[in-house]
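Protein chains get the first letters and strands the later ones, always in sequence-line order, with residue 1 at the start of each.
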Amino acid sequence: MLSLLAQTGPGEFLDGLSAIGAGLGYGLAAVGPGVGIGIVVGNAISAMARQPESAGMVRTTMFLGIAFTEALALIGFVVFILLLP
Amino acid sequence: MARTTVKLFAALGATGALLLAAASPAQAAGETIGGCILEQVHHAEEEYGSLSAVEADENAFKSFEDDLEGCVEAPSPILPELDEIIWGGLAFVILFGFMAWKGFPAVKRAMDARSEKIRADLDAADAAKADALRTKSTYEAELAEAKTAAAAIIDEARGQADQLRQDLQARAEADIAEQRARAANDIESSRRQALDDLRTEVAAIAVGAAERVVGASLDADVHRSLIDGYIDEVAGAGRNGDGN
Amino acid sequence: MSLLALEFPPVSHLFDWPTIWFDGTPLAVNKTVLIYLAATAATIVLFGLAGRPRESLVPAGVQHVAESGVNFIENSVVMQTIGPDGKKFMPLLTSMFFFILFSNITEVVPFIQFPANSRMAIPITLAVLVWVIYNVVGVRSQGPFGYLKNSLFPPGVPKVLYVIVTPIELVSTFVVRPFSLAIRLWANMVAGHLLLVTFAILSATLWEFFYVPAALPFVMLILMTAFEILVSFLQAFIFTILTAVYIGGSMHPEH
């Protein structure tokens, strides 16, 4: 490991670290919104199944909820892009 | 509508100014690739004297290479580019101006006009239907009236015909009765005439006969009474004999 | 970056296009700018054609497209979020929707295949515009103090919680909103473009080596293209409806 460190320049080592950080960061950032979108859509579907006449309103609200939840994952994605070497 | 549009345009202008103010330092930081390379070369020459000196020193060459790569590398994709903001903002302003001025109102007006026309047509159709129904009920009422009138006329005609028939019948019966009565009268008068004639004849004959027989001249008046009495007797007997 | 001997270009190279005209000036034109101009032209042509007076009662062709869009924005965006007094924002929301939609949909148009909104320029411009508009609307309809009070101290919260709620509201209403609005659109388009590029490069490279396995990424490419059409519509819709939600929130607090 140390010899590996000695062979690589400081820039390359930092690049590798940031690549690892970017991948891990995006993966972790996607977990919560994934669960959240699942909950949103699941509840929206059960609401639509229970009251099909209000499906339009539920669908609009569902997209809003997805948009707000998805924002977190997208921020993770932005961090991923910013961290990429 | 127009005031809102003007205000929205003002908001667009303010946005543009804000973005330009915010983006100009970023634009100043990011230069063209060629300029960046020239600057790096200049920088290296200042530091090491000349480019060949940089090539000789391995570490210096490596850092110089990194610097040059930094020049080629595009700026971070999350930062907006000034030219794209200007052109994109301009495009959106033009689009919004067109939409607020003409595009949206025209489409909206067409849609409203169409829904208005459809509504008017439906109303007109309803009115026409109501009208037709009213006309139909009027016709039906008239038809029913005409039917009752016809029935009344037929009844009346039938009544009249009956009346006429009865009248005719009554008149005919009256005629018949009258004629029968007249005939009976005629018969009676004829009979009486005949009796009178007979009586006269018989009286004359009887007088003649009696004159001849008796030879004496009798008073005509006495004769007549005598003969009348005789004939009445005969007639009564004859009548009795008829009855038998 | 290389994987299985695939040469994958750096992310920034996929989005930064070389300048075509006016190099070095602030009015430099590249592919992104051309797409923006094309989106404007397409919307203007669409509505110009649709707005022509015509005799037929039944809408057809472009007229139908434009009127469906207007209907959609009126019924599922404005009426559901602002209400009838939001109709004066209809031209803005309509041009926003069609402009974003046409700059997004170039992602799947053959020979263009680049979503102009995967550049930050238009998302951030529109987001800042939305920020200006909803703040001005809030100040105009509630007064400066009423607007600040309603947005920083939402009614119905226990007084103690204002210690936590007020800073959160301050940051989320006045700082995070425009950025989340811009980043939502931008990152969706970047992610979509990256997905399509990934599967396209995978298919091309596998096709060069051996033909059969290339079918797999190619099928994925087709599915992803269909998905990206959906995403283009959805992001235009979400940007528009969030704009309407923000404007409605400043117009009628707590309704």
Side-chain angles (χ1 to χ4, degrees), chain B residues 1 3-5 7-8 10-16 18-20 22-24 27 31-35 72-111 113-114 117-118 121, chain C residues 10-16 19 22-30 32-33 36-37 39-40 43-44 46-48 50-54 57 59 63 66-67 70-71 88-92 94-96 98-99 103 116 118-126 128-129 131-133 136 183 186 190:
Chain B
M1 191 68 193
R3 286 186 58 199
T4 317
T5 309
K7 279 178 210 152
L8 285 174
L12 272 172
T15 309
L18 208 70
L19 276 173
L20 289 188
S24 46
Q27 184 69 16
E31 293 154 344
T32 58
I33 296 175
V72 180
E73 208 167 72
S76 168
I78 200 171
L79 289 178
E81 297 269 343
L82 181 66
D83 52 341
E84 288 170 4
I85 287 182
I86 291 174
W87 280 107
L90 202 66
F92 186 73
V93 166
I94 291 170
L95 174 60
F96 174 64
F98 174 78
M99 292 290 273
W101 166 61
K102 201 144 186 208
F104 183 77
V107 172
K108 188 77 185 145
R109 206 179 308 125
M111 291 168 71
R114 181 163 54 241
K117 182 165 161 33
I118 289 174
D121 283 359
Chain C
V11 170
S12 53
H13 286 195
L14 290 175
F15 296 99
D16 204 6
T19 307
F22 311 124
D23 198 0
T25 65
L27 287 178
V29 174
N30 56 14
T32 317
V33 169
Y36 288 148
L37 296 177
T40 295
T43 317
I44 288 179
L46 176 64
F47 273 78
R52 281 181 313 175
R54 61 182 71 200
L57 192 59
Q63 195 189 7
E67 293 192 357
V70 170
N71 249 335
K88 58 184 171 185
F89 293 104
M90 282 289 291
L92 177 78
T94 312
S95 32
M96 216 174 232
F98 277 100
F99 187 60
S103 339
S118 65
R119 302 292 291 159
M120 202 53 168
I122 272 300
I124 197 69
T125 309
L126 292 184
V128 173
L129 172 69
W131 185 81
V132 171
I133 286 176
V136 169
I183 284 177
W186 171 79
V190 168

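- Between Glu81(B) and Thr32(C) the shortest side-chain heavy-atom distance does not fall below 4.5 Å.
- Across every non-hydrogen atom of Gly88(B) and Tyr36(C), the tightest pair is CA-CD1, 3.6 Å.
- Heavy-atom pairs under 4.5 Å with chain B were tallied for Leu37(C), Val190(C), Thr43(C); the largest tally goes to Thr43(C).
- Taking CD1 of Ile124(C) as the reference point, atom CG of Leu79(B) lies at 10.0 Å (rounded to 0.5 Å).
- Between Ala100(B) and Pro91(C), the shortest heavy-atom contact is CA-CB, 4.2 Å.
- Of the residues considered (Gly103(B), Ala91(B), Ala106(B)), Ala91(B) shows the highest number of contacts with chain C, using heavy-atom pairs under 4.5 Å.
- The residue among Ser118(C), Ala28(C), Ala66(C), Pro123(C) with the most heavy atom pairs within less than 4.5 Å of chain B is Ala28(C).
- Considering only residues two or more places apart in sequence or on other chains, Val136(C) meets the side chain to side chain contact (heavy atoms under 4.5 Å, CB included) condition with Val132(C), Arg140(C).
- You'll find the side chain of Ile44(C) reaches within 4.5 Å of the side chain of Leu95(B), heavy atoms only.
- Ring planes of Phe92(B) and Phe99(C): tilted class, angle from 30 to 60°.
- Contact of the Glu84(B) side chain with the Ile122(C) side chain is not registered, since no non-hydrogen atoms from C-beta on lie closer than 4.5 Å.
- Taking all atoms of both residues into account, the shortest heavy-atom contact from Phe96(B) to Ser95(C) is CD1-OG, 3.6 Å.
- With rounding to the nearest 0.5 Å, the separation of CH2 in Trp87(B) from OG1 in Thr40(C) is 11.0 Å.
- Leu27(C) pairs in a side chain to side chain contact (heavy atoms under 4.5 Å, CB included) with only one of the listed residues (Ile86(B), Asp83(B), Leu82(B)), which is Ile86(B).
- Applying the side chain to side chain contact (heavy atoms under 4.5 Å, CB included) test to Ile183(C) and every residue at least two apart in sequence or in another chain returns Val78(A), Met120(C), Ala187(C).
- The two residues Ile85(B) and Ala121(C) make their nearest non-hydrogen contact at N-CB, 3.6 Å.
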